[in-house]
Chemist: 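Submitted below is the structure of interest, expressed as structure tokens.
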2 protein chains.
Amino acid sequence: MAKLLDQVNRPEDLRRLSVEQLKVLAEEIRELITQSVSRTGGHLASNLGMVELSIALHYVFDFQTDRLLWDVGHQCYAHKIITGRKDRFAKLRSRDGISGFPNPAESDYDVFTVGHAGTSIATALGMALGAQSNNSSEKIVAVVGDASIVNGLSFEALNNLGLVKRQMLIVLNDNSMAIDVTQGALAKFFSKVRLSHTYDDLRRTTNTILEHLPVIGRPMEGALENFKKAVRMAISPSRLFESLNIPYFGPVDGHDIGSLIKLFKGMSNLEWPGILHVYTRKGKGYTPADDNPRKYHSTGPFEINGAASTKKGRRTYTEAFAEALVETAEADSRIVAITAAMSDGTGLARFREKFPDRFYDVGIAESAAVDTAAGLAKQGFKPVVCIYSTFLQRSFDQIFQEVALQNLPIVFCIDRGGLVGDDGATHHGLMDIGFLRMLPNMVLISPASEYEIKEALAFAAASSSPVAIRYPRDTVPNGQIEAATSGKPFELAKSVTIRQGRDPVVIAALGSILSEALLAAEQLADKNIDITVVNARFAKPVDPALIDMVRRGSHLITVEDHGIAAGFGSAVLEAAAATALQQDPTAARGSIITLGGPDHFIDADSRPAQLNEIGISAEKIAAVVEKLTAAINNQALQNSR
Amino acid sequence: MAKLLDQVNRPEDLRRLSVEQLKVLAEEIRELITQSVSRTGGHLASNLGMVELSIALHYVFDFQTDRLLWDVGHQCYAHKIITGRKDRFAKLRSRDGISGFPNPAESDYDVFTVGHAGTSIATALGMALGAQSNNSSEKIVAVVGDASIVNGLSFEALNNLGLVKRQMLIVLNDNSMAIDVTQGALAKFFSKVRLSHTYDDLRRTTNTILEHLPVIGRPMEGALENFKKAVRMAISPSRLFESLNIPYFGPVDGHDIGSLIKLFKGMSNLEWPGILHVYTRKGKGYTPADDNPRKYHSTGPFEINGAASTKKGRRTYTEAFAEALVETAEADSRIVAITAAMSDGTGLARFREKFPDRFYDVGIAESAAVDTAAGLAKQGFKPVVCIYSTFLQRSFDQIFQEVALQNLPIVFCIDRGGLVGDDGATHHGLMDIGFLRMLPNMVLISPASEYEIKEALAFAAASSSPVAIRYPRDTVPNGQIEAATSGKPFELAKSVTIRQGRDPVVIAALGSILSEALLAAEQLADKNIDITVVNARFAKPVDPALIDMVRRGSHLITVEDHGIAAGFGSAVLEAAAATALQQDPTAARGSIITLGGPDHFIDADSRPAQLNEIGISAEKIAAVVEKLTAAINNQALQNSR
């Protein structure tokens, strides 16, 4: 059967369809999203809720010249389908397909590559100010979710909207559920507003706005005041936005394409910034996702008619951590857990169930999460802060001042440390070692197995200083490596030799990448190259034993799932230089080679492919060892001549 | 004449004085602050405004068990004088005296060492949650200024206050002026409230609150509602706080000790969080500061009966930058400037006067400042973002995602890069190279003279990628060094040899510390040690010529006014390791020694003393060269045997 979607290859094609046809199109797009995500994995529920809104936006605005800014950006699938990427949509989140987030390299319709929360209003503010200075007429539209608008960055931008004296539309997509249930006063306020409105109220509000819109396009102060008065009678006044002097419209029904088109048409002519508050339903149209939007927020491949599939096989580092934390907390009542809207993603849901009184979720507010932890630590608690590596970048200054400078015993459990696979460049955790190891008092460890997750947590919980534990978005290693890494509790700045070789080559692997290093060692053994493999465990402080090996002539290769710049290998180089200065700076030593992430961004792909791309797969590690061994042999030959 | 202050050695001494005596005491404290700061320099205006508030807080609360949290913390002088530090107050901001910010190492009355904005509510939130869990009865009080409360971190914490089901008092110290005039909607809102109240209104508000306070200590829902209704009639309702469901009281007069004592007594018994909005006058009691609080925000030593003294002598890097920026902007109309409440501190005031339409101040909102710049860059502008190094830590994630990932041509002018002297540990800029050089697309330069400031800016303005320029809180170098660094425009990744020596020792100095390196070279020449000195210019990318010198057997010493961890020297080590891997990893090479900041925090002191402390003064550099030279000679001797 011919589909309307077949006729839609670019946004202008929408304008040839009637509202009734657009409704059908919405269902077709919903079906395409569900079908594709069931195969590729991705963000499902939020995208199902955004279909009508995306259609209406593209129907009214021309985002080749107008600018559409997404927040977090995981809800852009319908937008991608409409803007000429429907054929590539089957390859969502793969290297040769399209990204799961907006990406200007893919399409001019994407303005910023995003993935973090709170940026859309802030960047839209800058773009509106730019348009104001240019005196250009393009419309600026920022879409932000009710979970993202509570982020401090959103608030800072809202507080500066008064600088904008021209059109700038903020669409507040209120889908009543962030990744976790949104926390905080603003969420409660939204929910109160939400509960106070029936479907008929939404329709009445829409009509009231529409009736008055023709008037307010004109730059007449009086007209605006009249409009505000009229609307205030019909709608729930948003005191927050009013106190910030931002005109607020809504709430309206985000699945009523016809009304949305009229609203956007009217509001596109406003000559000042405004917020349109829109209700949408996560998971709309796909029953399992509608019933359980949290489960279908970000999903792997699943069976459309069944439950979300859970991959069989080894458990993830996240799952291992979740269990270990509950065990540790059972033994130590001072332990409390803090997250920033990520209790499912970080595995904290289990802790929350078990210890609801010792669990704090501050919403998408990574900065405040760390300061809340600092306050709790000052009160004698042992806070465990669980935030993805990439989002912890939002807390850098708080970790510096409120944690490291005070030397507070806070444990940072950094999930998604390293390459994350299909979420791509915005989500990799390739800088946490770099920004954390600059902080005095900070200890950085990375476990290489399930056993080590438990021991790392035990070590951190016993520390009187801040400790960060990083682990990847990956499964724990096989039984052989699990066994090889077991039995030795963590001791400060102590690495563990896992494999002792005869050749003067030592690999020091940090964290889960140890498994690739051991695999490389096995492959090399077949070629009669017999190397030593050390499980580094500590990125800070660096084990002096590693430096000593170099002093005694061994060649050291550091391997880390982190950027080379400022990473673990960099710390080893610094330690070696410092030791050399103290001893004899000119003495001959073994060389140090650092393997890790390069100085460019890494696109979405499978995690194994990415590990190979940046040169830390077993094969790539082995190739470096072979090159090094050839150089060593060559030198020995020259010396013997 | 005997002073009341002589009888006040600890907070409990206040309680022996009458309100009339406390008023006299306030004047005495004001005099001590003015006298001391005129000799030591420091924050004057804000502290003069805080005297009565500090007395009343310590009169009512017992901050040995109750907890007082400061925001930014520069307004804590009266607090320090009251809490047993009046005798050391003459040595404010010196190594053997006391810090200009709260510091737990000095006194149990200081809870957190702070210096950045927005932390007091966030850490108080954590402490209140901790007290709630502990079921302990200490009172938690956060003091926050009207400039800090607009920070995203403050908002994130306010949004989570609903977690607190016990007492927690936020004192909003509204002194109507941040360091610069506070920007944004909230500031406008406060100012509207402010203008709508006469002095009599403040008194009436105070009375209304006091009349109802006995009632609201009780945990009765109805009583609270009645109270809110009663108060709402008399005071200007704060819609913002109400929409966040935070009980709001005020505004009241912050110089009326008697009323403040009654208000704090009443509010200390509240069983939920609340905000008391207090008006104070910056500079109160010292006419020049009262008339010109901006000038006296943070001042060097001055003559009490005259104007603030301006140190004669060479201009600062900040002044040189201010002039260079105006010149560059005259030639390039795409240049716009953005700051976060620091137009005076960063030297942007001059740009603002000249180009008011191309200047944006977003208030203390470093994260939004960077995103605003990102939006402006997308619109074809060339934004110059001016933020102190330590505060730029707040923007790390925005620079990562919204700037580096998009590869936007934004110029970061990082003032206070390096050791800052008397502001101490919270204010040093010792990490900017580390966190910025991890970002792909980013270029990092550091000028060593006034000429180089101009050239660095010209280079950055011409770049199509983000460029960061860092310079210290210091004066530009003398004429000799100015001449030695002049004449050569910046070329990407190109260092400049300033002094060519005969010995195989090369110092690569980054930025203004070049002057110490050249001084060291002169001192060494007297000892017949003849070294080469290179002006590195680029921290990223590292000049390959430096690595080549090492390959050819030279010993390289990097010197930077930045932490060794992840800094410029670290980047050189990485580059050398990468080059070695590409060429021959086992080949003999010169050594690399990295000099810079250590792995501990550096206290307040003079900047020269701090440079010496961390080992990058001319003397300390020379000593390292001597040690290295001895090792080289010793090795040559052994080789010749």
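Throughout, protein chains are lettered first and strands after them, A, B, ... in sequence-line order, and every chain is numbered starting at 1. Since we're looking at a predicted model, the values are computed, not measured.
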Chemist: Heavy-atom pairs under 4.5 Å with chain B: which of L153(A), L125(A), N103(A) has the most?
Modeler: L153(A)

Chemist: If I measure from the heavy atoms of chain B, does Y360(A) come under 4.5 Å with its side chain, its backbone, both, or neither?
Modeler: side chain

Chemist: Check each atom of A374(A) against the heavy atoms of chain B and say whether the ones under 4.5 Å are side chain, backbone, both or neither.
Modeler: both

Chemist: For Q638(B), is it the side chain, the backbone, both, or neither that has a heavy atom closer than 4.5 Å to a heavy atom of chain A?
Modeler: neither

Chemist: What part of E402(B) gets within 4.5 angstrom of chain A, counting heavy atoms only: side chain, backbone, both, or neither?
Modeler: both

Chemist: At a 4.5 Å cut-off on heavy atoms, which part of P104(B) comes close to chain A: side chain, backbone, both, or neither?
Modeler: side chain

Chemist: Holding to side-chain contact (heavy atoms from CB on, under 4.5 Å), I want the full list of residues that pass it with S136(B), two or more places apart in sequence or in another chain.
Modeler: A131(B), N134(B), E138(B)

Chemist: What part of I592(B) gets closer than 4.5 Å to chain A, counting heavy atoms only: side chain, backbone, both or neither?
Modeler: backbone

Chemist: Indicate yes or no: does E574(A) engage R437(A) in a salt bridge with an N to O separation below 4.0 Å.
Modeler: yes

Chemist: Go through the atoms of T390(B) and report whether side chain, backbone, both or neither lie under 4.5 Å from a heavy atom of chain A.
Modeler: both

Chemist: Chain A heavy atoms under 4.5 Å from A571(B): which part of the residue, side chain, backbone, both or neither?
Modeler: neither

Chemist: Among F601(B), F381(B), F391(B), F435(B), which has the most heavy-atom pairs under 4.5 Å with chain A?
Modeler: F601(B)

Chemist: Check whether H555(B) gets within reach of chain A through its side chain, its backbone, both or neither, counting any heavy atom under 4.5 Å.
Modeler: side chain

Chemist: At a 4.5 Å cut-off on heavy atoms, which part of I140(A) comes close to chain B: side chain, backbone, both, or neither?
Modeler: side chain

Chemist: Side chain from CB out, backbone as N, CA, C, O: work out which of these in A404(B) comes under 4.5 Å of a heavy atom of chain A, or both, or neither.
Modeler: both

Chemist: Counting heavy-atom pairs under 4.5 Å with chain B, which one of V624(A), L129(A), L439(A) comes out on top?
Modeler: L129(A)

Chemist: Between L408(B) and chain A, which part of the residue has a heavy atom less than 4.5 Å away: side chain, backbone, both or neither?
Modeler: side chain

Chemist: Can you name the salt bridge (Lys or Arg N to Asp or Glu O under 4.0 Å) partners of K540(A), sequence neighbours left out?
Modeler: D599(B)

Chemist: With a 4.5 angstrom heavy-atom cut-off, is it the side chain or the backbone of A577(B) that approaches chain A, or both, or neither?
Modeler: both

Chemist: For V370(A), is it the side chain, the backbone, both or neither that has a heavy atom under 4.5 Å from a heavy atom of chain B?
Modeler: neither

